[in-house]
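Per chain, numbering begins at 1; letters A, B, ... match sequence-line order. Hydrogens, waters and symmetry mates play no part in the numbers below; they use all other heavy atoms, side chains included.
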Amino acid sequence: MPEGPSIVLLKEELQSFIGKRVTTATGSSQKVDFKKIRGNKIVDIKSWGKHLLICFPDFTLKIHLLMFGTYRINERKDAVPRLSLKFSKNSGLNFYSCAVSTLLRPLDEIYDWSADVMNKKWNAKAALQKLKKHPDLLACDALLNQEIFSGVGNIIKNEVLFRIKVHPESLLGQLPEPKRKELIKEAVAYSYQFLKWKREFTLKKHWLAHTKKKCPRDHIPLQKEYLGKTNRQTFFCNISEALPVRNSCYTGMRTSYVTMSEYTFF
DNA sequence: TGGAATGTTGGAAC
DNA sequence: CGTTCCAACATTCC
């Protein structure tokens with residue numbers, strides 16, 4: 001369910017709850033003091049990457065849907081909610097299979113809004129500086145790093161790398177500056193594209209690489225490997241065996257790895 | 001139908 | 001004490 005754009009959609013759906021007062025707060029979450037929530041009025045609904053933030057005057061509820069989290073607005077489903085908020089007039093919010101916690105400090109002290117690719121405070125220059133600080137980071141890991149690209153998940157990672165034709169195991173330090181900028185630009189652009197397609201219920205249809213067996217560009221088999229620190233499914237186009245080695249500039253540890261037609265290994 | 005997956009965390013191990 | 005690794009969690013889909 002949730003990469004950053006899906007949480008932006010959720011945030012939008014919840015805007016009408018701003019100003020509503022909680023009449024009952026319950027749930028199976030072990031990390032929340034439900035008594036403390038009751039009686040409070042929602043003053044804002046925000047998000048930071050994959051975090052949904054329900055703001056009350058003196059604290060904030062942070063909801064992370066993880067992989068399988070779901071929610072219902074003014075309905076419930078046949079499961080025990082982690083967090084259930086009821087308001088007057090039969091309105092309520094139910095969150096399932098998610099991680100809920102309470103934030104007590106001001107959000108500006110906790111969150112770097114400029115790291116959220118879908119926040120209006122997103123700062124591409126700051127992202128570039130962060131990339132430069134991690135020359136040994138793989139491109140696939142950089143995209144999943146929430147301190148650099150908050151909101152980017154595995155789907156966006158695969159689609160961005162496919163679009164800019166960068167091999168997922170390229171080292172940031174080996175990427176030419178324009179390519180680093182392209183990575184940043186595309187991470188944002190694709191996130192908004194994701195949001196648009198998600199709204200239209202056509203996201204899956206538009207996947208070029210993620211879960212795909214064939215490269216849509218030249219119809220050769222796509223590679224599927226578990227790459228990076230997090231060992232996540234990574235789909236990329238690799239026909240290195242059919243091509244001469246072209247990445248002579250690369251002198252790192254994986255010298256045996258060669259350039260491919262559609263992707264470049266930096 | 002078992003295995004895998006849009007993700008993170010917390011504790012063990014070193 | 002820092003880091004790295006891995007199990008755990010939870011639900012839906014193929």
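Classification of A/Lys132 and A/Glu177 as a salt-bridged pair holds, one side-chain N sitting under 4.0 Å from a carboxylate O. Between A/Arg199 and A/Glu12, at least one side-chain N (NZ, or NE/NH1/NH2) sits under 4.0 Å from a carboxylate O, which counts as a salt bridge. Taking a cutoff of 4.0 Å between a charged side-chain nitrogen and a carboxylate oxygen, A/Lys130 and A/Asp112 qualify as a salt bridge.
Closest to the A/Arg232 side chain, of the nucleotides C/dC14, B/dG7, B/dT8, is B/dG7. Listed nucleotides: B/dA5, B/dT9, B/dT6. Nearest to the side chain of A/Phe68: B/dA5. With distances taken from any side-chain atom of A/Tyr226 to the nucleotides B/dT8, B/dA4, B/dG7, the minimum falls on B/dA4. Comparing atom distances between the A/His64 side chain and each of C/dA10, B/dT8, B/dT6 picks out B/dT8 as nearest. Checked against B/dT8, B/dA5, C/dC14, the side chain of A/Gln146 finds its nearest nucleotide in B/dT8.
At whole-Å resolution of the value, OH in A/Tyr96 and P in C/dC9 are 22 Å apart. Residue A/Trp207 contributes atom CH2, which lies 11 Å from atom C1' of C/dC13 at whole-angstrom precision. Spacing between atom CG of A/Asn231 and atom P of C/dA7 amounts to 12 Å, rounded to whole angstrom units. Taking atom CZ of residue A/Phe149 and atom P of nucleotide B/dT6, one finds them 19 Å apart after rounding to whole Å. Rounded to a whole Å, the CG atom of A/Leu65 is 12 Å from the C1' atom of C/dT11. Per the geometry, CD belonging to A/Gln233 stands 14 Å off P belonging to C/dC14, to the nearest Å. A/Met67 has its CE atom 8 Å from the C1' atom of B/dA4, to the nearest Å. Atom C1' of nucleotide B/dT6 and atom CD1 of A/Ile7 are separated by 10 Å, given to the nearest angstrom.
Judged by distance alone, the side chain of A/Ser170 and the main-chain N or O of A/Val166 form no donor-acceptor pair under 3.5 Å. With A/His134 contributing its side chain and A/Asp136 its backbone, the two residues share no donor-acceptor pair below 3.5 Å.
Using the six-membered ring where Trp is involved, A/Tyr111 and A/His51 have ring planes that are perpendicular, over 60° apart on the 30 and 60° scheme.
Rounded to whole Å, the C1' atom of B/dT6 lies 23 Å from the corresponding atom of C/dC5. Across the P atoms, C/dA7 and B/dA4 are found 14 Å apart, a figure rounded to whole Å.
Between A/Arg82 and C/dA10, a side-chain N or O to OP1/OP2 separation shorter than 4.0 Å is present.
The 5' end of DNA chain C is approached more closely, in terms of each residue's nearest nucleotide, by A/Lys229 than by the other of A/Lys229 and A/Ala79.
When both pairing distances are held under 3.5 Å, C/dA10 makes no Watson-Crick or G-U pair with any nucleotide shown. Across all strands shown, nothing is found opposite B/dT6 as a Watson-Crick or G-U wobble partner with both distances under 3.5 Å.
At the heavy-atom level, A/Lys157 lies nowhere under 4.0 Å from the strands shown. When heavy atoms are screened at a 4.0 angstrom cut-off, A/Lys50 is found touching the sugar-phosphate backbone but no base atom.
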